[in-house]
Structures are given as C-alpha cells and as structure tokens.
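Below you'll find the structure, written out as structure tokens, and then a few comments.
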Amino acid sequence: PVETTVSGTKTLTGQTLKEDQFDFELRLVEKNNAAVSGDAQTVLTAKNKADGSISFGTLKYTEAGTYVYEAKETSESGNGISVDTSIFTVTVEVEDNGLGQLVIKSQTVKKNGASADLKFENTYKTGEAEAEVKATKTLTGRGLKAEEFEFSLTPVSAVAEDGTAIEDTNTARTVKNTEGGAVVFGGLKYTKTGTYTYEMKETSAGGNGVTVDSRVYTVTVTVVDNGDGTLTASPAYSIDKKEAAPEFINTYKAEPVET
C-alpha cells in the first residue's frame, strides 16, 4: 500500500478564526475515469485548526490508478459569516513502479480547471445598529407646550477600540420637545464598532418670561460587535465627567406689572 495526505487552509476576514469553527469534506467521485457513487465513495471530513490549517488525514491505496476527489466546505452561512462555496478537484495518480511497490506519481489540486491552492476564504460582516439619544424637558411656572423648545446633538469625536479615528456618518441635528417633555434624537446609525461622542444642549433663546437651561451634556455611544453579525449601540450620559440623566429645566416667571 501507499499513502498520501490532503491538506488545505481556511482564512476568515473580519473576525478571529476559532478552532473547529468550520467543516470540510473530501469525497471520492471518480476512479480510473469511471464515476464513483454510493457506498463506493470514500468520504473524509475535517475541521479547521485555530491557525487555519485543514487536514483530511491519510489516504491509503492498494491499487494503481487515478483517483479524483472533490473538496468543499460544508458549513452553512449565518451569524454574519459567508462561507466559501468553492469546489476543488484533487487528483491522485498511483502507479506500480515495477518493483512490487505502489508509489504516488502525482497529486494535483484544481479549481475551475486551473491549478490552485486548496484554500477556503470566508468573510465576517456585521449589520447596522441604531440608537436613540433621549432627554427630558421640564418647565416650571406654567404648562409646557409641544415643540416649544429646541435642542441640538452635535458629533465631537469617533474612535475605534484601538484608539484610531473613525468616521461618524451621523451629522448634527436638532429636535423639539413633545408636550410631555420628551426630547428624542432617533435614527442614529452605526456600521463600525467604537466610541462615538456628542454634545447635547438646548438651543432655544430665553425671553417672554422663560429662562432656558444652559447645561451641555456629553453623550457617549458605545458600539460593540456581538459576534453573531449584529452590533449593539448603547448611549450613556454625563455632565462635567459625572454620570447624569439628561434633563433640561426651564423656568417661567411673569414679570411684575404696575398700575
């Protein structure tokens, strides 16, 4: 008998490759130009190592001939990962050297008819995360009216986990309060992990007996990768570097009148 091994590699772009993360199959489909099917098919399975190596183990031969295999990935796409659908053809030629020995004459790998490395390439991508930034408006001295006061949210900085600057596609925006005092900046969208910082403040002008709130809040939105193709965006609020629930408090006071 004579033996040989078939090995390949797996790469995963966008995420760290894990041990035994993906499944692969090597299936005998042809012997001496004749199709092989059913129980006659030799099927070897393998999983990747953490370093990306794939080994289908040892193939043993007791007869000379030409053996053709198909190698493919059998994992399914999901959780942000797109698997490689390539099918490789592995051909092993075994011959009798005339000295009572079988030897491996050649072993080749092809993809779509051209010589190729047995390499499976997968990609991990995340979707989009959304966040809402919220505050409350309180007016003492009289009832609050809908859309009476205006507020702004302005991007300050955006950095990745390693501290490098990244783009924040969210632009400065303004909103007005509801009758119930809610202030909501909705529709903030993120496609990259990192820390996004904003300034939130009231932009209304005082007058007509109303004194506006001049405080400026820092809003920090942290975007994390959940590892399953999804991102989560979580806002936190502070003022003067201390955690604080954002609330803008205005006061109405009628001016005295004389007669």
Side-chain angles (χ1 to χ4, degrees), residues 12-18 77-82 122-140 143-207 210-252:
L12 177 59
T13 302
Q15 189 182 61
T16 302
L17 184 65
K18 302 181 182 68
S77 296
N79 294 324
I81 295 175
S82 298
N122 288 14
T123 302
Y124 174 77
K125 292 182 178 180
T126 55
E128 186 177 75
E130 289 196 15
E132 282 188 342
V133 170
K134 299 179 180 181
T136 58
K137 158 58 68 179
T138 302
L139 178 61
T140 61
L144 180 66
K145 302 173 184 177
E147 299 188 349
E148 186 173 1
F149 300 99
E150 189 173 77
F151 309 84
S152 68
L153 184 71
T154 306
V156 175
S157 65
V159 294
E161 294 177 3
D162 61 3
T164 58
I166 55 178
E167 180 186 8
D168 186 352
T169 58
N170 298 295
T171 56
R173 59 192 66 192
T174 60
V175 297
K176 294 185 177 182
N177 63 280
T178 66
E179 185 177 3
V183 178
V184 181
F185 296 91
L188 296 170
K189 297 181 179 181
Y190 304 91
T191 59
K192 295 180 180 179
T193 60
T195 302
Y196 300 78
T197 304
Y198 304 86
E199 278 188 351
M200 179 171 55
K201 63 183 180 180
E202 182 171 354
T203 54
S204 308
V210 175
T211 302
V212 300
D213 194 326
S214 61
R215 288 178 294 181
V216 178
Y217 288 88
T218 298
V219 182
T220 304
V221 178
T222 303
V223 181
V224 297
D225 184 347
N226 300 315
D228 58 1
T230 63
L231 297 175
T232 298
S234 305
Y237 307 92
S238 63
I239 190 167
D240 296 329
K241 298 183 179 181
K242 295 180 180 180
E243 183 178 346
E247 181 181 19
F248 297 96
I249 303 174
N250 290 14
T251 301
Y252 171 78

If a pair satisfies ring-ring contact (aromatic ring centres under 6.0 Å, His included) and one of its residues is in residues 164-183, list it, with sequence neighbours excluded.
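Of all non-adjacent pairs touching residues 164-183, none passes ring-ring contact (aromatic ring centres under 6.0 Å, His included).
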In short, ring-ring contact (aromatic ring centres under 6.0 Å, His included) pairs touching residues 153-179 with sequence neighbours left out are none
Smallest separation among heavy atoms of [X] and [Y], with atom names:
| X | Y | result |
| --- | --- | --- |
| K189 | T169 | O-OG1, 3.9 Å |
| V133 | V219 | CG2-CG1, 3.8 Å |
| I81 | Q15 | CD1-OE1, 3.8 Å |

Is the closest side-chain heavy-atom distance between T193 and V224 below 4.5 Å?
no
Side-chain contact, heavy-atom cut-off 4.5 Å: K192 with V223?
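Counting from C-beta outward, K192 and V223 never come under 4.5 Å.
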What distance do [X] atom [atom1] and [Y] atom [atom2] have between them, rounded to the nearest 0.5 Å?
| X | Y | atom1 | atom2 | result |
| --- | --- | --- | --- | --- |
| L139 | T211 | CG | OG1 | 10.0 Å |
| S82 | Y124 | OG | OH | 11.5 Å |
| T154 | M200 | OG1 | CE | 11.0 Å |
| I166 | Y190 | CD1 | OH | 10.0 Å |
| L17 | N122 | CG | CG | 8.5 Å |

Taking only residues two or more places apart in sequence or in another chain, which ones pass side chain to side chain contact (heavy atoms under 4.5 Å, CB included) with [X]?
| X | answer |
| --- | --- |
| T174 | E150, S152 |
| T230 | N226, D228 |
| A129 | L231, A233 |
| T140 | T138, T251 |

Kindly list each side-chain donor-acceptor pair under 3.5 angstrom involving residues 237-246, sequence neighbours excluded, with atom names and distances?
{"from": "Y237", "atom 1": "OH", "to": "K134", "atom 2": "N", "distance (Å)": "3.0"}

Side-chain donor-acceptor contacts of residues 175-188 below 3.5 Å, not counting sequence neighbours, with atom names and distances?
{"from": "N177", "atom 1": "OD1", "to": "E148", "atom 2": "N", "distance (Å)": "3.2"}
{"from": "N177", "atom 1": "OD1", "to": "F149", "atom 2": "N", "distance (Å)": "2.7"}
{"from": "N177", "atom 1": "ND2", "to": "K145", "atom 2": "O", "distance (Å)": "2.9"}
{"from": "T178", "atom 1": "OG1", "to": "G180", "atom 2": "N", "distance (Å)": "3.3"}
{"from": "T178", "atom 1": "OG1", "to": "G181", "atom 2": "N", "distance (Å)": "3.4"}
{"from": "T178", "atom 1": "OG1", "to": "A182", "atom 2": "N", "distance (Å)": "3.0"}

What residue pairs, at least two apart or across chains, pass salt bridge (charged side-chain N to carboxylate O under 4.0 Å, His left out) with a residue in residues 153-170?
none
Listing request: all salt bridge (charged side-chain N to carboxylate O under 4.0 Å, His left out) pairs with a residue in residues 212-224, at least two apart in sequence or in separate chains.
D213-R215
Check ring pair (Phe, Tyr, Trp, His ring centres under 6.0 Å) between F248 and all other residues, then give those that pass, not counting sequence neighbours.
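Only F151, Y217 meet the ring pair (Phe, Tyr, Trp, His ring centres under 6.0 Å) criterion with F248.
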Holding to salt bridge (charged side-chain N to carboxylate O under 4.0 Å, His left out), I want the full list of residues that pass it with D225, two or more places apart in sequence or in another chain.
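None.
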